[in-house]
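Take a look at this one; I'll ask things after.
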Number of protein chains: 2
Amino acid sequence: MEATQDTQGRVEAAQSVPGHGGPRSAGTRRAILDAARSAFAAQGYDRATIRSIAATAGVDASMVMRYFESKAGLFAAVATADVPVLDLAAVPPDRRGEALVRHLIERWEAPASGDELMLLLRTAVTSGEVATQLQAVLAKLIVGPIAATGAADADVRGALVQSQLLGVALCRYVLRQEPLASLPIEHVVASIAPSVQRYLDTP
Amino acid sequence: MEATQDTQGRVEAAQSVPGHGGPRSAGTRRAILDAARSAFAAQGYDRATIRSIAATAGVDASMVMRYFESKAGLFAAVATADVPVLDLAAVPPDRRGEALVRHLIERWEAPASGDELMLLLRTAVTSGEVATQLQAVLAKLIVGPIAATGAADADVRGALVQSQLLGVALCRYVLRQEPLASLPIEHVVASIAPSVQRYLDTP
DNA sequence: AGGTAATGTCAACGCGCGTTGGCTAACGGA
DNA sequence: TCCGTTAGCCAACGCGCGTTGACATTACCT
């Protein structure tokens, strides 16, 4: 019996987007998306709940279902991970290791893309489907640029670089293991870069 | 890790196995433990269910609660990860990187300890408590041996070695990313060892 | 053999989850 | 103005989970 006066932010409701069930209100949609990204990043897919995401977004849980079809649909909508790609060929060959490390760390430190990488990694370890999705992102982010430099065995080199870069991300950002988690960025870059450089160079 | 709670003044059984807090039948206990290790390793803590573990072990779900106090208790019982430690000081200094990589890979390839590391890692990414536990295991397994060689900055070196070794394990065994997952062991050792060696050597 | 405690079975409880459908209120075009 | 569409709220459903306690069964120790 209570009049809900939220009459604000409904101005932008005019757009209708392609395909199947489009967004209803851009503001609400974005609020849900933001809450979901944080929740999935912080807790992983299983422990994050639709109800708590909805509460954070300030809407009812059923709204989440109307906007995105299911919990899986919400995750898919938030797990796009369209991170900027590094043009490795434009970097001097002896600096490519450092460039890769720095680029990856910057992706993880940036709040938005860091959350997307976090939720992807946190969920990939228990979901084969998401693991495939993560591999696709890493292929675009790491193997692609390496292959674009014309290196031989780009797939194996990429896999080795991935293992080191994902390892750093896992220890530093997901597990938050000391002392790695508190090491200054430049220290990390200086320590790791030579290894990555070696994976790029050795035949 | 919980104190023993006796509802009816029950005492430790007669035919008990040494040490632990109150097994009933050694055979059933072991069956549950084996099933739990497999399930937690394959699916992680959240997705593994007491009911399915009990079914695999051929007992009722309530038996699991009688033997171990709760799901958390069962996990704790199976997540001991008492892996053999490498005596790094006995290895020639220029071969210590290779020795570390090979030792870790052998732990992961061995069925029993591989499962324990797997369930630890799969669960650590979404549980701070288990993350701490994993860190303790890795400290014993990696940082400890490195410190035992008398190296300076053993903690930072250990963290860097950990990042590389955990990265390989993550990509190869948990995410099962190709081509790393199918690479022969010797190929992996030969590729990774120099990086680890460098983390041990560089000042 | 008999009594007692260790083992195991069964059915249920309570909870929180994802999900559904029906309802109210506001907008917008005619 | 009225009416259809749209955005949002509320109550509930069904399910599977961890967990519990009462009951049946086995095995051991005098």
Side-chain angles (χ1 to χ4, degrees), chain A residues 1-17 20-33 35-36 39-40 43-78 127, chain B residues 2 4-17 20-32 35-36 39-40 43-77 127:
Chain A
M1 185 72 56
E2 178 190 331
T4 64
Q5 66 272 17
D6 88 283
T7 59
Q8 175 247 346
R10 208 165 296 183
V11 197
E12 61 234 320
Q15 65 167 321
S16 67
V17 170
H20 73 346
R24 292 162 150 258
S25 145
T28 301
R29 185 185 168 88
R30 177 152 252 149
I32 296 174
L33 244 22
F40 284 138
Q43 312 177 258
Y45 183 83
D46 288 322
R47 300 199 175 187
T49 69
I50 293 276
R51 287 169 140 95
S52 81
I53 289 171
T56 302
V59 300
D60 190 84
S62 64
M63 280 289 92
V64 177
M65 307 300 294
R66 287 235 201 283
Y67 275 72
F68 312 89
E69 291 219 330
S70 60
K71 187 181 185 182
L74 176 61
F75 183 85
V78 96
S127 157
Chain B
E2 205 65 27
T4 60
Q5 179 184 0
D6 263 352
T7 49
Q8 282 194 355
R10 220 162 260 160
V11 204
E12 278 70 50
Q15 50 184 352
S16 66
V17 254
H20 295 79
R24 293 162 147 257
S25 145
T28 302
R29 185 185 168 89
R30 176 152 252 149
I32 296 174
F40 284 137
Q43 310 176 257
Y45 183 82
D46 288 322
R47 300 199 175 187
T49 68
I50 293 278
R51 286 169 141 95
S52 81
I53 289 171
T56 302
V59 301
D60 190 83
S62 65
M63 277 292 92
V64 178
M65 307 299 295
R66 287 235 200 283
Y67 274 73
F68 312 89
E69 292 220 327
S70 61
K71 187 182 185 181
L74 176 60
F75 183 86
S127 158

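Every chain is numbered from 1 and lettered A, B, ... according to where its sequence line falls, protein lines coming before strand lines. Just so you know, these numbers come straight off a predicted model, no measurement behind them.
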Inset, instruction - Figure out the CD/P separation between B/E69 and D/dT19, and round it to whole Å. - result: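 Rounded to whole Å, this separation is 10 Å.
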
Inset, instruction - Could you please name the option among D/dT19, C/dG8, C/dT19 that lies closest to any side-chain atom of B/M65? - result: D/dT19

Legend entry - Toward the 5' end of DNA chain C, by each residue's nearest nucleotide, B/R51 or B/T28: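 Mapping each residue to its closest nucleotide by heavy atoms, the 5'-most match is B/T28.
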
Legend entry - Interatomic distance, A/K71 NZ vs C/dC17 P [rounded to whole Å]: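 In whole Å, C/dC17 P lies 9 Å from A/K71 NZ.
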
Inset, instruction - Consider the side chain of B/R66, meaning its heavy atoms from C-beta on, and name the nucleotide among D/dG8, D/dG21, C/dC17 that approaches it most closely. - result: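 From the listed options, D/dG21 comes nearest.
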
Inset, instruction - Report the distance from atom CD1 of B/I53 to atom C1' of D/dG16, rounded to the nearest whole Å. - result: 15 Å

Inset, instruction - Give a yes/no answer on whether the side chain of B/Y67 brings an N or O atom under 4.0 Å of OP1 or OP2 in C/dT7. - result: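 No, no such contact exists.
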
Legend entry - Distance in angstrom units between B/I32 CD1 and C/dT9 C1', rounded: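 B/I32 atom CD1 is separated from C/dT9 atom C1' by 14 Å.
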
Legend entry - Distance-minimising heavy-atom pair for A/A57 and A/A31: CB-O, 3.6 Å

Inset, instruction - Whole angstrom is fine here: how far is it from OH in B/Y45 over to C1' in D/dC17? - result: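 So the two atoms are 12 Å apart, to the nearest Å.
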
Inset, instruction - Would you mind reading off the distance between B/F68 atom CZ and C/dT7 atom P, rounded to a whole angstrom? - result: 13 Å

Inset, instruction - Counting heavy atoms from C-beta on, name the nucleotide in D/dG18, D/dC9, C/dG8 closest to the side chain of B/M63. - result: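 Of all the options, the side chain of B/M63 is nearest to C/dG8.
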
Legend entry - Mutual orientation of the aromatic rings belonging to B/Y45 and B/F40 [parallel < 30°, tilted 30-60°, perpendicular > 60°]: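 Geometry flag for B/F40 against B/Y45: parallel rings.
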
Legend entry - Closest to side chain of A/S70, choosing from D/dT19, D/dG8, C/dT19: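 When the side chain of A/S70 is considered, C/dT19 is the closest of D/dT19, D/dG8, C/dT19.
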
Inset, instruction - Look at B/S62 and C/dG8 and indicate whether a side-chain polar atom (N or O) is within less than 4.0 Å of OP1 or OP2. - result: no

Inset, instruction - Taking the side chain as every heavy atom from C-beta outward, state whether A/Y67 and A/V59 have any atom pair closer than 4.5 Å. - result: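 A/Y67 does not reach A/V59 side chain to side chain.
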
Inset, instruction - Could you pull out the closest heavy-atom pair between B/A35 and B/I53, with the gap in Å? - result: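 Residues B/A35 and B/I53, closest heavy atoms: CB-O, 3.6 Å.
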
Inset, instruction - Return yes if some donor-acceptor pair links the side-chain N/O of A/K71 with the main-chain N/O of A/A48 below 3.5 Å, else return no. - result: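 Such a contact is found between A/K71 side chain and A/A48 backbone.
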
Inset, instruction - Looking at every strand, decide which applies to A/A48 at a 4.0 Å heavy-atom threshold: base, sugar-phosphate, or nothing. - result: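 Counting heavy atoms under 4.0 Å across all strands, the contact made by A/A48 is with sugar-phosphate only.
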
Legend entry - Whole-Å distance separating the CG atom of A/D46 from the P atom of D/dG16: 16 Å

Inset, instruction - To the nearest Å, give me how far apart CZ (B/R47) and P (C/dC17) are. - result: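 That distance rounds to 16 Å.
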
